[in-house]
K.L.:
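One structure is given below, represented as C-alpha cells, and several questions about it will come after.
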Amino acid sequence: MNHNIITKNYYFFIPVIIFLGIVLRIYNLNFEDFWSDEMVSYWLSDPKYSFFETLEIIFKSNLTISYELILKYFHSLFGYNIKISRYLNAILSIISIFYFYRLLIKNSDNEKNNKAVACLGLFLISLNIFHIRYAIEVRAYTLTFLLSLIYFDLIFYKKLIAKNLGFLKYLFIFIISIFLLFSHAFSIIILISTNFYILINYLLKRNYSKESIYIFFINIFSASLFLIIYLNGINHTPYWIGQVKNSFYTNFYFSNFFGSRLVGTIYLVTLIITLKVFFKDAVKKLDINFFFIILIFFTYFIPLVYGYLVNPILIPRYIFFVLIPILFLITNFSLKIKNTILKKTIILSLIVFTFFNHFTENTFKQFYVKIYPSKPEIGKSLKYINNLKYHNFTFLMDQNNFLNINSIYSNYLKSYAELINKNMKLIDYQKDKVEYDQVWLMYITDVTNQKKFKKPKFFDNYSIVSNKNFNHVQLYLLKKNGS
C-alpha cells in the first residue's frame, strides 16, 4: 500500500468511506419487519409506562436496561412508531464509526502511518457486514459496541492508560461502565480484561499509576454493583443456546463477523499472522495492543469455560464488541509489517474481499436487484388482510404466555395495523371470549416459534376456509361452523 497516495488523498478517502458507511446503514432501513426479539425491545420501550414501571417490566424480561431506556426516551421524543425505532440503532452505529476512527488516531503505532491506519480501519468498520446488520435491528448490541468504544477512548491515550484524569473523567468512566454492563451482561468481560491488564502491568513492569489504580477499583465497584442486581434480577437463562460445534474452532465466528467463510478466513489468518509477528513486541510494551490481545482471549475463554461447566452461552452477537480489538489489531499490525509484498498482499486482500463480498449480500444487491426479506412479512400479511372483506385478525398465542410473549406480539401487531388501517381489529381470543363469524389467524413462524401449526381450542368450532403463506407468516381464514 502506497502511504503517499493515502496521505495526499486523505481528505477525499475519509468522507467517501464515511458516506458509504452511513448509506449502508440508513438506506432501506425498514425494508424488513421485526424479528420477535426486536418486538421485545419495542414493547419494553413503550413511553406510556413510567420510568419505574419500565424498569419492572425490563427486569421480568431481560436485563438490557441501558438500551431499553434509551429507546424509550427516543420514542418519547420522536414517536412510538415501528418505523421510527430502527433509526436509533442506525445513529448509534454511525457514531461508533467515528469513535473507532478516533480510537485509531489516538493510539496508532506509528504517527507517520496515522492517516493510512485511519483510512484502513475506517474502511473495515464502515463496511463490516456484522456491524451493518445490527445497525438495522432494534436490539442492544449496537449500543454495547458504542459504549465499549467510549470506554476504551476514556481509559487509553497514546496506547497507554491515560494520565491526568480529573474527578469528572473518573465519574464519566464509572457512568459509562455502568451503562455498558447493563447494555449486555457479556460486557463484564471488558472490565475483567482491563483489570487483568492493569495487574499484568504491575506484576511485569511494576508499572502503575494513580489513574490505573482508580480505574481498577471503579471497575470492581461497577462490576460488583451489576452482579448484585443481575443475580437477583435475572429470572431466566437463554435455554435455546446450544453447545459450540467442533467447527467453531476452525473460524471462531469469523465467518459470521465478516460475512462468509472465505472472508472470515482471510481476517482470521491475517490476525494470526500479525499476532505471530508482533506478539512479543506487544508483550514488551504492554500497551493497548497487548490489552486488546487479552480482551480477545477472555472474550472467547470465559464464555466457553462457563458453557462447558454450566450452560452454553456463547453466540456471535453476544460478543459483538470483540470486533473492536480484532479490527484494531489487524489495522495497526498489518501496516507495520516490514515485508512489502506480504503487507501489500494482506491489505489488498482485506480491502478487495471486504468490498466485493457485499455483492453477495443485500447490502449492495438492494441497489440494483429486487431483494427478498428474511424476516416475517408482518406488514405484507396485514396489507393482504386489509384488502379483503374481513379485517378482524388474531395470532396464534402461547398458552402459558412465556415471558409475556403474547403481549409482545400483540403490541407490535396493533402498532403495525394502525399504520395500515385504524379500523383493523386485533382480537385477543384468550381474554375477549367473543366469537366472530370469520377471523384471520396469523401464525408467525420465526426462529422462536417453529412448531407445527395447530388450531387453538377456542377455534374448535371454526373451519379453515382459506390460507395464504408469506415469509415466516402463515395466514388462515377461520369461519364459524353454521354461520
K.L.:
Check for me whether the distance between the ring centres of F252 and Y300 falls short of 6.0 Å.
P.N.:
yes
K.L.:
Determine whether a donor-acceptor pair (N or O, by modelled atom type, separation under 3.5 Å) exists between the side chain of T250 and the backbone of S247.
P.N.:
yes
K.L.:
Looking only at atom types and distance, does a side-chain atom of S66 sit under 3.5 Å from a main-chain N or O of F179, one as donor and one as acceptor?
P.N.:
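Yes.
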K.L.:
Would you compute the distance between atom CD of E53 and atom CG of L55 and round it to the nearest 0.5 angstrom?
P.N.:
10.5 Å
K.L.:
Give a yes or no on this: more than 12 heavy atoms of other residues, nucleotides or ligands lie within 6.0 Å of atom CZ of F172.
P.N.:
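Check fails, neighbour count at 12 or below.
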K.L.:
Under 3.5 Å, is there a donor-acceptor pair between the T144 and R317 side chains?
P.N.:
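Side chains of T144 and R317: no pair found under 3.5 Å.
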K.L.:
I'd like to check I313 versus P303 (side-chain heavy atoms, cut-off strictly below 4.5 Å). Are they in contact?
P.N.:
yes
K.L.:
Sort out for me which residue in Y462, F395, F458 forms a ring-ring contact (aromatic ring centres under 6.0 Å, His included) with Y429.
P.N.:
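When Y462, F395, F458 are each tested with Y429, the ring-ring contact (aromatic ring centres under 6.0 Å, His included) holds only for F458.
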K.L.:
Just by distance, do the side chain of N471 and the backbone of K375 share a donor-acceptor pair under 3.5 Å?
P.N.:
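Checked: pair present.
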K.L.:
Roughly how far, to the nearest 0.5 Å, is the OG atom of S96 from the CZ atom of F145?
P.N.:
5.5 Å
K.L.:
Flag the pair Y306 / L314 as yes when at least one side-chain heavy-atom distance between them is below 4.5 Å, and no otherwise.
P.N.:
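Side chain of Y306 against side chain of L314, heavy atoms only: no contact under 4.5 Å found.
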K.L.:
How far apart are the closest heavy atoms of D33 and K380, and which atoms are they?
P.N.:
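Of all heavy-atom pairs spanning D33 and K380, the closest is OD2-N, 4.5 Å.
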K.L.:
Kindly assign one of parallel, tilted or perpendicular to the pair H184 and Y318, based on the angle between their ring planes and the thresholds 30° and 60°.
P.N.:
tilted
K.L.:
So, taking the atom named CG in L77 and the one named CD1 in I84, what distance separates them when rounded to the nearest 0.5 Å?
P.N.:
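Interatomic distance, L77 CG to I84 CD1, rounded to 0.5 Å: 11.0 Å.
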K.L.:
Any idea which heavy atoms bring S126 and I97 closest together, and the distance?
P.N.:
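Scanning both residues completely, I find the closest heavy atoms to be OG-CG2, 3.6 Å.
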K.L.:
If I compare all heavy atoms of E137 with all of Y67, which pair ends up nearest, and what's the gap?
P.N.:
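Smallest heavy-atom distance, with atoms named: O-OH, 4.4 Å.
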K.L.:
For L295 and F292: C-alpha separation, side-chain torsions, deciding distance, then whether side chain to side chain contact (heavy atoms under 4.5 Å, CB included) applies.
P.N.:
CA-CA 5 Å; L295 179 56; F292 278 143; 4.1 Å; yes
K.L.:
How about S374 and E32: does a side-chain donor come under 3.5 Å of a side-chain acceptor?
P.N.:
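On atom types as modelled, these side chains qualify, holding a pair under 3.5 Å.
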K.L.:
Ignoring hydrogens and angles, tell me if any N or O in the side chain of R86 forms a donor-acceptor pair with the backbone of I136 under 3.5 Å.
P.N.:
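A pair under 3.5 Å: yes.
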K.L.:
List the atom of I385, the atom of H391, and the distance in Å for their closest heavy-atom pair.
P.N.:
O-CD2, 3.4 Å
K.L.:
Identify the two heavy atoms, one from N481 and one from D460, that lie closest to each other, and give their separation to 0.1 Å.
P.N.:
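Of all heavy-atom pairs spanning N481 and D460, the closest is ND2-O, 4.3 Å.
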K.L.:
Is the backbone of R139 close enough, under 3.5 Å, to the side chain of N89 for a donor and an acceptor to pair up by distance?
P.N.:
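Yes, because the side chain of N89 sits within donor-acceptor range (under 3.5 Å) of the backbone of R139.
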K.L.:
Go through the steps for L382 and M442 under the test side chain to side chain contact (heavy atoms under 4.5 Å, CB included), then give the verdict.
P.N.:
CA-CA 9 Å; L382 290 173; M442 182 181 291; 3.8 Å; yes
K.L.:
Within a reach of under 6.0 Å around OH of Y249, are more than 12 heavy atoms found that belong to other residues, nucleotides or ligands?
P.N.:
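Atom OH in Y249 is crowded, with more than 12 foreign heavy atoms closer than 6.0 Å.
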K.L.:
So with a 6.0 Å cut-off around CZ of F52, is the heavy-atom count from everything else above 12?
P.N.:
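Count not over threshold, so no.
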K.L.:
With rounding to the nearest 0.5 angstrom, report the CE to OG distance, M39 to S85.
P.N.:
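Answer rounded to 0.5 Å: 12.0 Å.
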K.L.:
Assert yes or no for the condition that the ring centre distance of F152 to F328 is strictly below 6.0 Å.
P.N.:
no
K.L.:
Is it true that Y141 and F321 have ring centroids separated by less than 6.0 Å?
P.N.:
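No, the ring of Y141 stays outside the 6.0 Å limit from the ring of F321, centre to centre.
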K.L.:
Let me know which of Y80, Y42, W43 forms a side chain to side chain donor-acceptor pair (under 3.5 Å) with S415.
P.N.:
Y42
K.L.:
Determine whether the aromatic ring centres of F320 and H131 lie less than 6.0 Å apart.
P.N.:
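Yes; H131 has its ring centre under 6.0 Å from that of F320.
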K.L.:
Is the side chain of Q366 donor-acceptor paired with the backbone N or O of T363 at a distance under 3.5 Å, no angle test?
P.N.:
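Side chain of Q366 to backbone of T363: a pair is present.
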K.L.:
I'd like to know whether CZ of F367 has more than 12 heavy-atom contacts from other residues, nucleotides or ligands below 6.0 angstrom.
P.N.:
yes
K.L.:
Pick out which of F186, F182, F221, F174 makes a ring-ring contact (aromatic ring centres under 6.0 Å, His included) with F226.
P.N.:
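Among F186, F182, F221, F174, the one that satisfies the ring-ring contact (aromatic ring centres under 6.0 Å, His included) with F226 is F182.
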K.L.:
E38 side chain to V138 main-chain N or O, any donor-acceptor pair under 3.5 Å?
P.N.:
yes
K.L.:
Working note: L147 + Y151, criterion side chain to side chain contact (heavy atoms under 4.5 Å, CB included); need CA distance, chi angles, decisive distance, verdict.
P.N.:
CA-CA 6 Å; L147 290 172; Y151 178 81; over 6 Å; no
K.L.:
Y99 versus I125: any side-chain heavy-atom pair under 4.5 Å?
P.N.:
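In short, these two side chains do not touch, never coming nearer than 4.5 Å.
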K.L.:
Looking at D398, is its backbone amide N or carbonyl O close enough to the side chain of N406 to form a donor-acceptor pair, meaning the two atoms are under 3.5 Å apart?
P.N.:
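The answer is yes, because a donor-acceptor pair under 3.5 Å joins these two groups.
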K.L.:
Should the heavy atoms of other residues, nucleotides or ligands under 6.0 Å from CZ of F248 be counted, would the total exceed 12?
P.N.:
yes
K.L.:
Tell me whether F19 at atom CZ has more than 12 heavy atoms from other residues, nucleotides or ligands lying less than 6.0 Å away.
P.N.:
no
K.L.:
Assess the residue pair T274 and L329 against the criterion (side chain to side chain contact (heavy atoms under 4.5 Å, CB included)); give the C-alpha distance rounded to whole Å, side-chain angles, the decisive distance to 0.1 Å, and a yes or no.
P.N.:
CA-CA 8 Å; T274 53; L329 292 176; 5.8 Å; no
K.L.:
Evaluate the side-chain proximity of E68 to I57: yes if any heavy-atom separation is below 4.5 Å, no if none is.
P.N.:
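Sidechains of E68 and I57: no contact.
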K.L.:
Measuring only between side-chain heavy atoms, which start at C-beta, is N28 closer than 4.5 Å to N362?
P.N.:
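A side-chain contact under 4.5 Å is absent here.
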K.L.:
Can any side-chain N or O of T394 pair as donor or acceptor with the backbone N or O of I427 at less than 3.5 Å?
P.N.:
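Confirmed, T394 side chain pairs with I427 backbone.
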K.L.:
Is it the case that the side chain of Y416 and the backbone of I378 share a donor-acceptor pair, with hydrogens and angles ignored and the cut-off at 3.5 Å?
P.N.:
no
K.L.:
With a 4.5 Å cut-off on side-chain heavy atoms, are I302 and I188 touching?
P.N.:
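Of all side-chain heavy-atom pairs linking I302 with I188, none is under 4.5 Å.
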K.L.:
Could you state the interatomic distance from CD1 (I241) to CG (N311), rounded to the nearest 0.5 Å?
P.N.:
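Here the interatomic distance stands at 9.5 Å.
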K.L.:
Is any side-chain heavy atom of D153 closer than 4.5 Å to one of L149?
P.N.:
no
K.L.:
Would you confirm whether the ring centroid of F130 sits within less than 6.0 angstrom of the ring centroid of Y134?
P.N.:
yes
K.L.:
Could you check whether F258 and Y267 have their ring centres less than 6.0 Å apart?
P.N.:
yes
K.L.:
Taking the six-membered ring for Trp, are Y87 and F78 closer than 6.0 Å centroid to centroid?
P.N.:
no
K.L.:
As a test of understanding, state which of T354, L348, I347 forms a side chain to side chain contact (heavy atoms under 4.5 Å, CB included) with I351.
P.N.:
I347
K.L.:
For this output row, return yes or no: ring centroids of Y436 and Y390 closer than 6.0 angstrom.
P.N.:
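So the answer is no for these two rings.
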K.L.:
Can you measure from CG (L20) to CG (L127) and round to the nearest 0.5 angstrom?
P.N.:
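That separation rounds to 5.0 Å.
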K.L.:
Are the side chains of N467 and L477 in touch, meaning some heavy atoms are under 4.5 Å apart?
P.N.:
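Sidechains of L477 and N467: no contact.
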K.L.:
On a heavy-atom basis, which atom in P456 and which in L441 lie closest, and how many Å separate them?
P.N.:
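Between these two residues, the closest heavy atoms are CD-CD2, 3.8 Å.
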